[in-house]
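Note that this is a predicted model, so its numbers are computed, not measured.
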Amino acid sequence: MTDFSHNDLHRDMGRMEGQLSAMDDRLSKIETIVERIDARLAKIEQHEGQLRGAWWVLAAIATIVGGLAAVAINHLWK
């Protein structure tokens, strides 16, 4: 078994601290990217909701127009 000197331990701890600092920087960048993706996803979901609402309004109008046309055609054919 090799004996580690005080300097070896300090050197290794310094390396570990540097690696930890680098990982912390990468994690901060990942958090920023995730926040941007979350904001973009929220906008997409909001737009999707608006499109669904518009689709339902269009379907309701088409149903009403179709019903009125059917009533008018029935009335005119009699």
Mind checking the CD-CG spacing from Gln46 to Leu51? Nearest 0.5 Å is all I need. 11.0 Å

Got a second to check how far Thr63's OG1 is from Leu68's CG, nearest 0.5 Å? 11.0 Å

Interatomic distance, CD@Glu31 vs CD@Glu35, rounded to 0.5 Å, equals 7.0 Å

What's the separation between atom CG in Asp25 and atom NZ in Lys29, rounded to the nearest 0.5 Å? 6.5 Å

Would you give the length of the straight line joining atom CD1 of Ile44 to atom CD1 of Ile37, rounded to the nearest 0.5 angstrom? 10.5 Å

Does Val57 form a side-chain contact (heavy atoms from CB on, under 4.5 Å) with Ile61? I'd like the steps, not just the answer. CA-CA 6 Å; Val57 169; Ile61 291 171; 3.9 Å; yes

Would you say Glu17 has more than 12 foreign heavy atoms packed within less than 6.0 Å of its CD? no

How far does CG of Asp12 sit from NE2 of His10, to the nearest 0.5 angstrom? 11.0 Å

